[in-house]
S.K.: 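I'd like to ask some things about the structure below.
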Amino acid sequence: MINANWTTQVVRAACELDIPGHLVQGNCSLDELAGATGCHAPSLRRLLRALATLGLCVETDAGQFGLAPMGRLLCDDDPQSLRAWALLVGGPHWARWGELHESVRTGRSFKQRHLGEEGFGDLDTDPAAAALFHRAMVQMTRRTAASVVAAIPTGKAECVVDVGGGQGELLATVLQANPSARGILFDLPAGVAGAHDAFERSGLVDRCRIQSGDFFRAVPEGGDIYLLKSVLHNWDDERAIRILANCRDAMRPGGTVIAVERTMSRRPDASTADRVTVRSDLNMLVALTGRERTHVEFDALFAQAGLGPTTLIATGGDFSLIVGGALDASRQ
């Protein structure tokens, strides 16, 4: 556990040097790969052997190196690619985790301590960081979208609003599964950048409106379902309630708000599921102002926003659905 940092940086280095992108074309000798990547050959051999121990590449009897099946996940063009996520975790997130102890000591995130800000404002002034972050979010959503959408009780919903939906990966999956529905994708301007092209590629551009704005102020009106995937965990209780209340005020009578989140166990143990959730919880501590919550805590948020009580629906993966509706339809 103490030495686990090496795997993060080995994978990141492979992505920074685009080793998988070269090896996916076919096996290479060390010298060929060193020339293609601009690397010092003896040092590259050491990295390649480390990648081989992680099951990401292989060394042949002829002394060439090739890409292992799992290594394809580090190629941009793989449908299940995690390349952007590897670059994000090993890059921008690395320094934040290095000061975990300070976040625990002070209760303040890396951004609060060093930048004097919260949330995602830093992405507004750094296009490269914003592009990497949003690519990573698309990749992570893509891996869970099918199981999440299969669990969503869409019923006869005509309009689905994806609040904080980034480039629309989840909404696209919802619309593909519900041919009669239309959608509204809502996020900050930097979040929805590129969404039109993505909807065009999936043939959904005529069924989805893209709108930018601030969900702390208001969200698009007229939806039957308001989706919030991995949104509430970014924020403290006060701001999470504000987002939920804005969804309540905007939705049609009889509408629902569905938060797609990891749910914290009351008493986490050594299970893989609990480790994933606890890691995400600490990531919120070092990076933002939010946290992962138990179902009881989510239920309390929804209730304070006039959306309780909630129903918890398992998806068969890391995420659950917390589903709530307006307590007083006359408020719509």
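In this chain, residues are counted from 1 in sequence order. Keep in mind that what you see is a predicted model, and the values were worked out from it rather than measured.
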S.K.: Counting distance only, does the side-chain N/O of D78 pair as donor-acceptor with the main-chain N or O of L73 below 3.5 Å?
M.R.: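 No: the side chain of D78 does not pair with the backbone of L73.
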
S.K.: Could you tell me whether the side chain of R293 and the main chain of L232 form a donor-acceptor pair under 3.5 Å?
M.R.: yes

S.K.: Is it true that a side-chain atom of T256 and a backbone atom of G325 form a donor plus acceptor pair closer than 3.5 Å?
M.R.: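 Pair absent, no side-chain N/O of T256 close to backbone of G325.
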
S.K.: Quick one: does any side-chain atom of Q9 pair with a main-chain N or O of G90 as donor and acceptor, under 3.5 Å?
M.R.: yes

S.K.: Do I258 and L307 sit in the same hydrophobic cluster, where Ile, Leu, Val, Met, Phe, Trp and Tyr count as joined when their side-chain heavy atoms come under 4.5 Å apart?
M.R.: no

S.K.: Does a side-chain heavy-atom distance below 4.5 Å link I19 with L56?
M.R.: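 Side-chain contact under 4.5 Å: no.
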
S.K.: Identify the two heavy atoms, one from A314 and one from A151, that lie closest to each other, and give their separation to 0.1 Å.
M.R.: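 In terms of heavy atoms, the two residues are closest at O-CB, 3.9 Å.
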
S.K.: Could you check R239 against T289 for side-chain contact (heavy atoms from CB on, under 4.5 Å), going step by step and ending with a plain yes or no?
M.R.: CA-CA 10 Å; R239 280 176 283 194; T289 59; 3.5 Å; yes

S.K.: Please tell me whether V89 and M284 are part of a single hydrophobic cluster in this structure, the criterion being side-chain heavy atoms less than 4.5 Å apart.
M.R.: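 The answer is yes; both residues are in one hydrophobic cluster.
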
S.K.: Could you pull out the closest heavy-atom pair between A145 and T173, with the gap in Å?
M.R.: CB-OG1, 3.6 Å

S.K.: Test: ring pair (Phe, Tyr, Trp, His ring centres under 6.0 Å). Region: residues 154-206. Which pairs qualify, not counting sequence neighbours?
M.R.: none

S.K.: Not counting sequence neighbours, list each pair that qualifies as a ring pair (Phe, Tyr, Trp, His ring centres under 6.0 Å) and has a residue in residues 114-152.
M.R.: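 Of all non-adjacent pairs touching residues 114-152, those that pass ring pair (Phe, Tyr, Trp, His ring centres under 6.0 Å) are F110-H114, F120-F133.
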
S.K.: Between K111 and E118, is any pair of side-chain heavy atoms under 4.5 Å apart?
M.R.: no

S.K.: Please give me the minimum heavy-atom distance between A136 and A84, naming the atom from each residue.
M.R.: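 That closest heavy-atom pairing would be N-CB, 3.6 Å.
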
S.K.: Would you call V257 and R248 a side-chain contact if the rule is heavy atoms closer than 4.5 Å?
M.R.: no

S.K.: Using a 3.5 Å distance criterion without hydrogens, assess whether the side chain of E261 forms a donor-acceptor pair with backbone atoms of V231.
M.R.: yes

S.K.: Side chains of W94 and N5: does their closest heavy-atom pair fall under 4.5 Å?
M.R.: yes

S.K.: Rounded to the nearest 0.5 Å, what's the gap from CG on D197 to OG on S202? Could you check?
M.R.: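 Between D197 CG and S202 OG, I get 10.5 Å after rounding to 0.5 Å.
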
S.K.: Between P20 and G71, which heavy-atom pair has the shortest distance, and what is it?
M.R.: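 Closest heavy-atom pair between P20 and G71: CB-O, 4.0 Å.
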
S.K.: I want to check something: taking the side chain as every heavy atom from C-beta on, are T310 and V323 in contact at a cut-off of under 4.5 Å?
M.R.: no

S.K.: Between R96 and N283, is there a donor-acceptor pair closer than 3.5 Å when you use the side chain of the first and the backbone of the second?
M.R.: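 Answer holds: no.
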
S.K.: Whether the side chain of R207 engages the backbone of P179 through a donor-acceptor N/O pair (distance < 3.5 Å, no angle test) should be reported.
M.R.: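 Yes, because the side chain of R207 sits within donor-acceptor range (under 3.5 Å) of the backbone of P179.
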
S.K.: Can you check whether R72 reaches D77 side chain to side chain, under 4.5 Å on heavy atoms?
M.R.: yes

S.K.: Given 3.5 Å as the limit, does a donor-acceptor pair link the side chain of E59 with the main chain of A52, or not?
M.R.: no

S.K.: Nearest 0.5 angstrom please: R291 CZ to H233 NE2, how far?
M.R.: 13.0 Å

S.K.: Which heavy atom in F215 sits nearest to a heavy atom in N246, and how many Å separate them?
M.R.: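 For F215 and N246, the tightest heavy-atom pair comes out as O-ND2, 2.9 Å.
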
S.K.: Can you tell me how far apart CG (L132) and CG (L88) are? Round to the nearest 0.5 Å.
M.R.: 5.0 Å

S.K.: Might you confirm whether atom CZ of R279 has over 12 heavy atoms from other residues, nucleotides or ligands at distances under 6.0 Å?
M.R.: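 Yes, the 6.0 Å shell around CZ holds more than 12 heavy atoms from other groups.
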
S.K.: Do L204 and V192 sit in the same hydrophobic cluster, where Ile, Leu, Val, Met, Phe, Trp and Tyr count as joined when their side-chain heavy atoms come under 4.5 Å apart?
M.R.: yes

S.K.: Donor-acceptor pair, R142 side chain versus E169 backbone, under 3.5 Å?
M.R.: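 Here the side-chain-to-backbone pair does not exist.
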
S.K.: Do you know which two heavy atoms are closest between C28 and E32, and how far apart they sit?
M.R.: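 It is CA-OE1, 3.5 Å.
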
S.K.: Give a yes or no on whether M251 and I241 share a hydrophobic cluster (residues Ile, Leu, Val, Met, Phe, Trp, Tyr; joining criterion: side-chain heavy atoms under 4.5 Å apart).
M.R.: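 Yes, same cluster.
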
S.K.: Verify the distance criterion only: is there a donor paired with an acceptor across the side chains of S271 and D269 at less than 3.5 Å?
M.R.: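 A donor-acceptor contact under 3.5 Å links the two side chains.
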
S.K.: Applying side-chain contact (heavy atoms from CB on, under 4.5 Å), run through E102 and V286 and close with a yes or a no.
M.R.: CA-CA 9 Å; E102 288 298 335; V286 299; over 6 Å; no

S.K.: When rounded to the nearest 0.5 angstrom, what distance separates OG1 in T144 from CZ in F319?
M.R.: 5.0 Å

S.K.: Do L282 and W97 come within less than 4.5 Å of each other through their side chains, counting heavy atoms only?
M.R.: yes

S.K.: If you measure from CG on L44 to CG on L33, what distance do you get to the nearest 0.5 Å?
M.R.: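 Here the rounded value is 5.0 Å.
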
S.K.: Test T263 against every option in L312, T294, T277 by the side chain to side chain contact (heavy atoms under 4.5 Å, CB included) rule and name the one that passes.
M.R.: L312

S.K.: What donor-acceptor contacts under 3.5 angstrom involve side-chain atoms of residues 153-164, with partners at least two apart or in another chain?
M.R.:
| unit_1 | atom_1 | unit_2 | atom_2 | d |
| --- | --- | --- | --- | --- |
| T154 | OG1 | N178 | OD1 | 3.0 |
| E158 | OE1 | R252 | NH1 | 3.3 |

S.K.: Please walk me through it: do L54 and W6 pass side-chain contact (heavy atoms from CB on, under 4.5 Å)?
M.R.: CA-CA 11 Å; L54 296 177; W6 76 276; 3.8 Å; yes

S.K.: Surrounding CD of E238 (heavy atoms of other residues, nucleotides or ligands, distance under 6.0 Å), is the total greater than 12?
M.R.: no

S.K.: State the OG-CG distance between S212 and L185, to the nearest 0.5 angstrom.
M.R.: 10.0 Å

S.K.: Might you work through the side-chain contact (heavy atoms from CB on, under 4.5 Å) test for R113 and S103, ending with a clear yes or no?
M.R.: CA-CA 9 Å; R113 296 194 315 276; S103 290; 2.9 Å; yes

S.K.: Hey, does R83 have a side-chain heavy atom less than 4.5 Å from the side chain of D18?
M.R.: yes

S.K.: Does atom CD of E16 have more than 12 heavy-atom neighbours from other groups under 6.0 Å away?
M.R.: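 Atom CD in E16 is crowded, with more than 12 foreign heavy atoms closer than 6.0 Å.
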
S.K.: Report whether L17 and L30 are members of the same hydrophobic cluster (ILVMFWY, side-chain heavy atoms less than 4.5 Å apart, transitive linking).
M.R.: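 Linked within one cluster.
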
S.K.: Is Y226 reaching over with its side chain to a backbone N or O of A250, donor-acceptor style, under 3.5 angstrom?
M.R.: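 Pair found, side chain donor or acceptor close to backbone of A250.
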
